[in-house]
Structures are given as structure tokens and as C-alpha cells.
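Heads up, the thing below is written out as C-alpha cells.
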There are 2 protein chains.
Amino acid sequence: MSDRVTLVDVARAAEVDVSLVSRVLRGQQVKVRDETRTRILDQAQRLGYRPHAIARSLKTAKAGAFGLVIPTFDNPVFAQIIMGAEAAAAQLNCVMMTTSGEGWSRNNWLEALDGGRVDGLLIAGGPTLELANLRVPYLLVNRAVPGIDRSVVLDDEKASRMAVDHLVELGHRRIVFVGGPAGADTANRRLAGFESARIRAGLESLGDPVSGNYTVAGGRLAMQRILTSGMTFTGVVAANLPSAVGALQAAQEAGLHVPERVSIVAIHDAEIAEIVQPRLTTIQMPLTQLGARGIELLSTIPPSAEVNEVVGQPMRLVLRDSTGTAP
Amino acid sequence: MSDRVTLVDVARAAEVDVSLVSRVLRGQQVKVRDETRTRILDQAQRLGYRPHAIARSLKTAKAGAFGLVIPTFDNPVFAQIIMGAEAAAAQLNCVMMTTSGEGWSRNNWLEALDGGRVDGLLIAGGPTLELANLRVPYLLVNRAVPGIDRSVVLDDEKASRMAVDHLVELGHRRIVFVGGPAGADTANRRLAGFESARIRAGLESLGDPVSGNYTVAGGRLAMQRILTSGMTFTGVVAANLPSAVGALQAAQEAGLHVPERVSIVAIHDAEIAEIVQPRLTTIQMPLTQLGARGIELLSTIPPSAEVNEVVGQPMRLVLRDSTGTAP
DNA sequence: CTGAAAGCGCTTACAG
DNA sequence: CTGAAAGCGCTTACAG
């Protein structure tokens, strides 16, 4: 903007030095005559002065902002993480800038976010490989990568265990798992949790886990494959909401009533669980807390400190209509 | 970071002046001996130099970034706008920073985004009132405010008209409108479009429009009120997807089969339309294009120029299972 | 082909 | 109580 009002404009108008204006305007407890302070404040107001965050950043080496990289905005799971992170950042008087890096190549992406624009980066998606080159402090969120000891995750294993336990309590003994994509570490943990709970409950293994790919289409396919295999089961744990929806659809299309004939529990909770017929019983995860905790950690721990944290509370079973007593 | 590598570090290592390093590194077509260029590039690489975006911004008065303010991340409509904006920004080599301003008060919000951090602001939500104080160029997106001639919107009227026309073609003559919240200008335009199409088709007015509040709960309530009123109808146009879902649920709960007894069309399209039973027929709107166009305009038109644009193409009817021949 | 200098708008010791 | 000066890391005329 050509007509930007700077500190020197205010200083000139108030007939003081810019340094004094700077101190007064930032509300520092600086000893200054009331008269002078008023003059400065008045002029700043009159001229419509607004501090230049960029210039301040350069001087103080603090961006006053955090970044959050997610794989996509089209997912309520990330929406919840973002909300938590934004609230926590606002608490620190920092802005939260979220991006999916849509349209960016790896290198540009790095340059763009690693140039002093942010004081820290929360990474819930995007290219993991380049992390080593990052100069800005970062933290993996909802994602653990071996060898990178900078992450906060949820208790995915526990979520699966809660899901299994719920079905077991309802009398189910033959439970299948519709998992996530092979590459995702959350998928691995959810599978591990499923297996441990299954074994602990003394349930028979129903063969290799099948992937629902975290999508509706994938969940549907997974369920179709399970049905085709002729395997008998009465309970389903789906690794996330979309795949649960797909599994539900496939089951219904095959004529299996939910929950009379088969019960389904999904990991994660969102409005979509209330929209399908029947409404899905879910395991609600502390996603907002995860986002908030990410910012907290990023802003308090040293950039090179190891952190492998699990945000475990609160988690709860949201009982709806997709689960019932085993037939 | 204490160990930040700066231009002077590279200059020292390559035994040249920083200005030369600056020119070479930015790939400017500067006449420089190949040998020197190689030396500079090598040293920059060796030291792991990364440009400091903030410092560059201060000097060039270009942030290399755009901001996008949305009311919430928990809405696929905004997800699509964001994706379009991000892609368009990347094209310009700019980062796109999206925020919902969660946890910010009005004033801080203003200061935070108006301090040189962004070259322009796309506003799809947040406090409209303060716009006049904004120094950074801005553009309203999916939103028109009287007196603020800086906006890009969709052709909401046409969307409603397409919805009505579709129902009319199927033989429906008694069509109700489940509108959006009273305050929303998109709601007004969709209502206007509904009315104009209704009148053009020679259909009787079925009383005052009812608001579904753009939410599932609101849509359900609206439908319940319509049903209670005893009004007869066979077609429903819902102003958005969630309210359509709510209306659908309420209709089904009242024993009205969809689409045998009542047909429902929703404005906007997203995966949720395929998840409900029956799948919803929708009017797909060019949300991605809207976001992209917002960035295009923001980056090309003068900050004070008037712009009132309608992104009209492409729009299409997505025929699914919630509409059928009038009974 | 390369360098020296000024300056973007701030903040922060250091003086007085 | 207030001011003068240096400097954050760059870029960009201007010299040579």
C-alpha cells in the first residue's frame, strides 16, 4: 500500500521519537508523561496506524504465526485438529495458517514455509521425506514416523480396543476389522489395537485384515470382499468414519440388517455419523485437543528436543444405532 | 533459529558481494561469469541456504502470500473454495493461508492479518463490519454486502432455478423451499431464484418461506413445521446440503417416502449427498472456480477498483435418487 | 561482470 | 522521561 502509516509518521505527528512511539504503542510499562502518551495514542489513532507485522518479525525473529500442513481440507478430522490448533495459537497471540500445499511442488513448499513466515510447523500431511531439511521447528501431528522423534498422536490402539470391547460386551464373538491404507501409521496402530483386544477377549482371528482405505468406496469394497469370502461375522470395527459408511452400505446392499444382523463401530466421530441410516456408533477421539497440544508443545519445547506424546484423553464411545446385541 | 544461514554467509564463503549472491540465487538473468555463478550456487547449496521470506517481504513490499478467512473448516463447501484458492495462489508462487479466526477477537484479528503478512485477503466469513478499516486489499467471496463493491459470488439464483426446473420437468406443481438463515445473502439469492422460477412456471405460492438454517437440525425442523402446517406438496428445494439432509430425515420419519411421495433437490454437491438414503439429487456449484477466481481478481485488479462478479460456470444438476416423477 | 550503499519498518540496548 | 543509533536479512538502483 502506498499510503501505509508507519511509526515515523506517528512520531512526526506526535513530535516524539519513533522509539518512544514503539514502546508506548505496544503497551510496555514505560515511564512516560501522561501527556506524551496521550499525544502518541491520539495521533496513532487519528492516522490509523497499524503495526507492520513483517517488519516486527524481522527485528524480533518471531513470526507470531504457526503453520499447519494437512493433506486435505475435505475431511472433518482435520477440521477438528485445525480448530484446536487455532484456538491454542490465538491464546499465544499468534495466527494459525493452515494449508494443504495444493498445487505446490515439494521444493517450493519447503521454501515457502521455511522462510521465517512461521515460528513452527505442525505437520499432519504432506511430504514427510523433506523434514530433515526443515529449519523451522516442526512437529508431526496425528502421525508417527520411525526415526523422527517429534510427534503427537492419538491413542489409536485404545480406540480400537474400545470398539472391540463394546462389541464383545454386546456378545459378539466374530468381529472383522476394516482397516486403513497400508502406508498410514494410524492404520497400523488401529490394527494393532484391534488385534490385542481381540486376543485378550479370546476371539478367533478371522483371517488377514482387509483395508477400507479410509474412504467410503474403500470401505464398501472391503465389506464386499469380506462377504464374498463367505466368512461369518456379526461385528465390524471400521478404522475410520468414511470406511464405516462404505461398509455399512455394502452390508445393507447385501441384505444384512444393521444392527440386527451385523453391528458396526467406527473410529472417530463427526456429523456424518448421525446422517447415515442407521446412525453410527463411534469412538470419539480428542482431535481438538490434539491440535491444541501440538501448538502448546511447539511453542514450549526446544526445537531439537525429542517428543513422542500421546493425547489420550478424553475418548468415549458414542452409542448410536449401528450396534446391538449379537444375533 | 540461531544457525540461520544468511546471504552474507554465502557471500563470504563464495568470496563475492551479497548483492551478487542475491541476484544469482534468484535466477535473475544477470551477466555473471560461469565460474562465479557456480561458486555461489555451490556454497549456497553446501551451507543449506534458504531465503528469508520475511526479509524479502519487507524490502519488496510483497508478502508472497494470500489470506483466506472462512467461518469454519467443518464444511465441505469451504473446503472446495480453499482448494481452488490454494491452487490459484500456487500458480502465482504465493502461499495460501487459511484461517477461521477461531479464538480471535475482532481487533486482534484485524491487526494480525493486516500487517503485511498477506498481499490480499479473501473473505468468506468473519466480521464484515471492520472491512472499512482494512488496509490490505480484500475481496468478499461467496458473499455480497450492499455498499461493499468487492465481491465474487456464485449464481445462487440460477441454482435455485435449476432445482425448480428439474422438479417441474418431473411434473411437480407444489414445491416448497427450505431456505437458509435470514441474515445470509446467499440465502436471499437462493430464495429469489426459487421465487422467480416458481412464478415463471406458473406455480402457486405455498406460503412464507421457511428457514432450514443451513444445518441438519434446521432442515429437519423446517420440514417438520411444513408437515405440521398441513400444507400439501410433492417437491422440496433445500438451500444447502445439510438442511436437505435434515428435511429428508424429517420427511422419512413422517412416513413420506422419498422420492415416491416427495422429491428433494439440494443446492451444492458433496460426498454427503451420496451417503444418505436415498442419495440426494443436487445442483453442483463451481466452488473451486470461485476460490480460484477470487485469487485471480485479488492479484490483478487495483485494490480500490469495484468488482461484483458472478462465477456462473460450470453448474450442473447431479441426478441421484431423491427426485422422481410427481405422484 | 561485480561491489558499495541505502533502506524496507520496526525494536532494543544504550545514553542522557 | 525521551532520543539517537544500530541492525534484523534482504533487494535494488547506482557505480565502476
Side-chain angles (χ1 to χ4, degrees), chain A residues 1-41 43-44 47-64 111-112 114-117 119 135-136, chain B residues 1-41 43-44 47-64 111-112 114-117 119 135-136:
Chain A
M1 302 279 72
S2 51
D3 58 347
R4 169 165 279 293
V5 178
T6 73
L7 230 37
V8 339
D9 296 322
V10 178
R12 191 149 25 212
E15 298 180 295
V16 292
D17 187 81
V18 308
S19 58
L20 195 54
V21 179
S22 169
R23 283 171 285 212
V24 166
L25 253 36
R26 236 148 358 89
Q28 271 182 192
Q29 25 60 289
V30 55
K31 288 181 201 300
V32 52
R33 274 215 311 271
D34 266 2
E35 185 199 10
T36 316
R37 158 170 285 124
T38 320
R39 196 145 35 92
I40 292 174
L41 259 22
Q43 292 305 321
L47 296 171
Y49 172 74
R50 191 148 310 148
H52 197 220
I54 290 302
R56 178 181 293 178
S57 284
L58 183 57
K59 185 64 197 166
T60 62
K62 299 253 78 202
E111 296 231 338
D114 198 16
R117 249 188 263 267
D119 295 317
R135 246 141 179 81
V136 68
Chain B
M1 301 279 73
S2 51
D3 58 348
R4 170 166 277 295
V5 178
T6 73
L7 230 36
V8 338
D9 296 323
V10 178
R12 192 150 22 213
E15 297 179 299
V16 292
D17 187 81
V18 308
S19 59
L20 195 54
V21 180
S22 170
R23 283 172 285 214
V24 166
L25 253 35
R26 234 148 359 88
Q28 272 182 192
Q29 25 59 289
V30 55
K31 288 181 201 299
V32 53
R33 273 218 308 272
D34 267 0
E35 184 199 10
T36 317
R37 158 169 284 124
T38 320
R39 195 145 35 92
I40 293 175
L41 259 22
Q43 291 304 322
L47 296 171
Y49 172 74
R50 190 148 310 149
H52 198 218
I54 290 302
R56 177 179 296 177
S57 284
L58 184 58
K59 184 65 196 165
T60 61
K62 299 253 80 201
E111 296 231 340
D114 198 16
R117 250 188 262 269
D119 295 318
R135 247 145 179 76
V136 68

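Since we're looking at a predicted model, the values are computed, not measured. Values reported hereafter were calculated over all heavy atoms of this structure, with side chains retained and with hydrogens, waters and symmetry mates removed. By convention in this document, chain letters (A, B, ...) are assigned in the order of the sequence lines, proteins followed by strands, and residues within each chain are numbered from 1.
- A straight line from CG of Leu58(B) to C1' of dG7(D) spans 12 Å, rounded to a whole angstrom.
- Proximity of Arg33(A) to the phosphate of dT2(D): a side-chain N or O atom is located under 4.0 Å from OP1 or OP2.
- With Tyr49(A) as the partner, the side-chain contact (heavy atoms from CB on, under 4.5 Å) test is satisfied by one option alone out of Ile40(A), Val21(A), Leu41(A), Val10(A): Val10(A).
- Using a 4.5 Å cut-off on side-chain heavy atoms (C-beta onward), Arg39(B) and Glu15(B) make contact.
- OP1 or OP2 of dT2(D) has at least one side-chain nitrogen or oxygen of Thr36(A) nearer than 4.0 Å.
- Rounded to whole angstrom, the span from the CG atom of Leu7(A) across to the P atom of dG9(C) amounts to 11 Å.
- Nucleotide dG3(C) holds its P atom 8 Å from the CD1 atom of Ile40(B), rounded to whole Å.
- Among dT11(C), dG3(C), dG9(D), the nucleotide with an atom closest to any side-chain atom of His52(B) is dG9(D).
- Here dG16(C) presents its P atom at 15 Å from CG of Asp17(A), a figure rounded to the nearest Å.
- Under the 4.5 Å side-chain criterion, counting only non-hydrogen atoms from C-beta, Arg56(A) is in contact with Pro51(A).
- Nearest to the side chain of Thr60(A), among dG3(D), dG9(C), dT12(C), sits dT12(C).
- Taking the side chain as every heavy atom from C-beta outward, Arg4(A) and Asp9(A) never approach each other to under 4.5 Å.
- OP1 or OP2 of dG3(C) has not a single side-chain nitrogen or oxygen of Ser19(B) nearer than 4.0 Å.
- For Ser22(B), a side-chain nitrogen or oxygen approaches OP1 or OP2 of dT11(D) to under 4.0 Å.
- Using N1 to N3 plus N6-O4 or O6-N4 for Watson-Crick, or N1-O2 and O6-N3 for G-U wobble, each under 3.5 Å, dT2(C) pairs with dA15(D).
- We find that CZ of Arg4(A) is positioned 8 Å from P of dG9(C), with the value rounded to whole Å.
- Taking atom CG of Leu47(A) as the reference point, atom C1' of dG9(C) lies 16 Å away to the nearest angstrom.
- Of the candidate nucleotides dG3(D), dT2(C), dT11(C), dT2(C) has the atom nearest to the side chain of Val32(B).
- Residues Lys59(B) and Asp34(B) both approach DNA chain C. Their nearest nucleotides, taken by heavy-atom distance, put Asp34(B) toward the 5′ side.
- A distance-only check finds a donor-acceptor pair linking the side chain of Asp114(B) to the backbone of Arg135(B) [under 3.5 Å].
- Side-chain nitrogen and oxygen atoms of Arg23(B) include none within less than 4.0 Å of the OP1 or OP2 phosphate oxygen of dT11(D).
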